[in-house]
Amino acid sequence: MSQVRVRFAPSPTGFFHIGSARTALFNWLYARHTGGVFILRIEDTDKERNSEQFLNVIYESLRWLEMNWDEGPGIGGAFGPYRQSERAAVYAEYLEKLRAAGRTYEKDGATWFKLIGDRHEVFDEHRKKTVTKVNVAPTVIQDQIRGRVERLEDEDFVIVRSDGNPVFHFVNVVDDIAMKITHVIRGEDHLSNTSKHVELFKAFGVPVPAFAHIPLILKQNGPGKMSKRDQGALIEEYQKRGFLPEALVNFLCLLGWNPKDDREKMTISDIVALFDLPGINQSNARFDEKKLAHMNMSYLLELPEEKFLERATAFFRAHPAGGAALADAAVFREVMRLAQPKIKGLEELPAYTAYFFTDDFVIDAKVQEKVMGKGDPKARLGELLGALPSMNFSNDSAIEEAIKSLAAGKGLGFGDYQAVTRLAISGTNAGPSITSMFRVLGRERVRVRLERLLAA
RNA sequence: GUCCCCAUCGUCUAGCCCGGUUAGGACGUCUCCCUUUCACGGAGAUAACCGGGGUUCGAAUCCCCGUGGGGACACCA
């Protein structure tokens, strides 16, 4: 068989969302799995709704998710241009073929595609108008995922608007022919359009590509498919929130596809090796951000220290808290080492580590009430403060030993000092071990914080 | 309304094609363990074959009908 050629064909009429990304991903995976070609084609024939801003979001999101395209904008290729707004000549040429074959006619200033068969008028209750039906046999669609689907396509349809611009169905098919697309992998919302497309392919006298209509992604709450306006729908949102692209890709693969065993976390090369069209599900999947978050945490946890530092640095650079956090590279590195095994996502970092970078941190009132109401926390603070000047701050275990021996001298344990000390130096009840916090903060800042709570 | 697609735990899913499983895994939730807090991790628990008919010795699995969900019905893509 000749080389697989697939395309992802977004229209830049809105932000790039989860569903589009998954469609792109399945196309990309299939190309990589088969050693084929992944083409990016921009379907910007709707002049009213297109915008350069949305176009850039598409490019940026695809690059972020590392779905590199082999042909398309910025790359070129033998079948360009790859933006439909620049392909008018191609459409004119193909329109002429259809016209020559007697498959078009003009009506109301637009060009219509003519079905072959006897015609009769029918009043359509739903559309409240009289339409012309054509007696035709049902169009058969052979779908790689759904099997054989029959659909009656029995009305002529517009292929070129009265303003001269060709419509989606026409340009989509023309480009698939011109770009020698072998497999059309797209959302199931296009299944109903496919009969139009098949009739066009047939009218052009070319073989119909293989179709694979993948299930849709439903919004996490409420009815319907996910759309650009839904909460958690936008790819760039995840990028901004510091999700790891490899985690998002892995998660997206699992929405509608799986390796047929218990594996979930897989490297992209494993996925490429295992992915295939017949393995794709037929039913829609609901988006579950909790599972994405879990996947993300799992990837974050196994990131090498240096990689984590890189990602965290990039995240803080784009964050309001970044200035303070990144002021001292050595401290930042230490704090990130402490934070990596503890957090679920990079977006937790600023709040989780704030007290390392500022002395003006918030003290959690609820935690304070709880901690200060048990035992004699102020006595413990006083004792610790007394021991502080002679404490060896060079490493965690030295600090731990110092606190333990202080505790032992009073007939207490490490735990009796833990909560109140943590509250004093971080304002909360969750975080790295207090010995690490001591070491990173340093004696002087610890002293000030202990005294502050003691005086409160 | 018409047409098309789909249907296993709350969610993502394995199993279905080639009928016989204690219907498996993951996320979530809960419990316990680990522990210097919080996470991580470990052990366990929770929870599903949409309904009804057939076919069959036997149906999650095959067939039909309902029901439910989704999509499409533009001179949008």
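A, B, ... follow the sequence lines: proteins, then strands. Residue 1 opens every chain. Source: prediction; values computed, not measured.
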> Expected output is a numbered-order residue list: members of residues 364-384 of chain A with a heavy atom under 4.0 Å from any atom of RNA chain B. What is it?
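Those residues: none at all.
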> On the six-membered ring of Tyr299(A), is Lys265(A) placed so that its NZ or CZ lies under 6.0 angstrom from the centre and within 45° of the ring axis?
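The answer is yes; both the distance and angle limits are met.
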> Strictly below 4.0 Å, N to O, side chains only: are Asp416(A) and Arg380(A) in salt-bridge contact?
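Not counted as a salt bridge, because no side-chain N and carboxylate O are separated by less than 4.0 Å.
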> Just to be sure I understand the rule, does Gly187(A) reach a base, reach only the sugar-phosphate, or reach nothing, if contact means heavy atoms closer than 4.0 Å?
nothing
> Are there any protein N/O atoms within less than 3.5 Å of an N/O atom in nucleotides 2-6 of chain B, and if so, which ones and at what distance?
from   : atom 1 : to        : atom 2 : distance (Å)
rC5(B) : O2'    : Arg146(A) : NH1    : 2.4
rC5(B) : O2'    : Glu188(A) : OE2    : 2.8

> Can you list, in residue-number order, the parts of residues 10-20 of chain A that come under 4.0 Å of RNA chain B, counting heavy atoms only?
Ser11(A)
> Which one, rU13(B), rA77(B), rG70(B), comes nearest to the side chain of Ala285(A)?
rU13(B)
> Judged by atom type as modelled, is there a donor-acceptor pair below 3.5 Å linking the side chain of Asp276(A) to the main-chain atoms of Pro278(A)?
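Looks like no, no N/O pair under 3.5 Å.
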> What does nucleotides 17-23 of chain B look like as a protein-contact string, B for base, S for sugar-phosphate only, - for none, at under 4.0 angstrom between heavy atoms?
-------
> Between Glu199(A) and Lys196(A), does any NZ, NE, NH1 or NH2 come within less than 4.0 Å of an OD or OE carboxylate oxygen?
no
> Of all the choices, rA14(B), rA77(B), rG71(B), which nucleotide is nearest to the side chain of Lys260(A) once you look at every atom?
rA14(B)
> Do NZ/NE/NH1/NH2 and the carboxylate oxygens of Arg241(A) and Glu289(A) come within less than 4.0 Å?
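Salt bridge flag = yes for Glu289(A) with Arg241(A).
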> Can you check nucleotides 63-66 of chain B for protein contacts, nitrogen or oxygen pairs under 3.5 Å, and list what you find?
none

> I need a per-nucleotide contact map over nucleotides 24-46 of chain B, read 5' to 3'. Cutoff is protein heavy atoms under 4.0 Å; write B for the base, S for backbone only, - otherwise.
BBBSS-------BBBBS------
> Between rG25(B) and rU46(B), how far is it from one C1' atom to the other, in whole Å?
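15 Å, rounded to whole Å.
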> With a 3.5 angstrom cut-off on both distances, give the Watson-Crick or G-U wobble partner of rG10(B), or none if there isn't one.
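Because both required distances fall under 3.5 Å, rG10(B) counts as paired with rC27(B).
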> May I ask you to say whether Glu155(A) pairs ionically with Lys114(A), meaning some side-chain N is under 4.0 Å from a carboxylate O?
no
> Syn or anti: how is rC62(B) classified when any glycosidic angle within 90° of 0 counts as syn?
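Nucleotide rC62(B) adopts anti.
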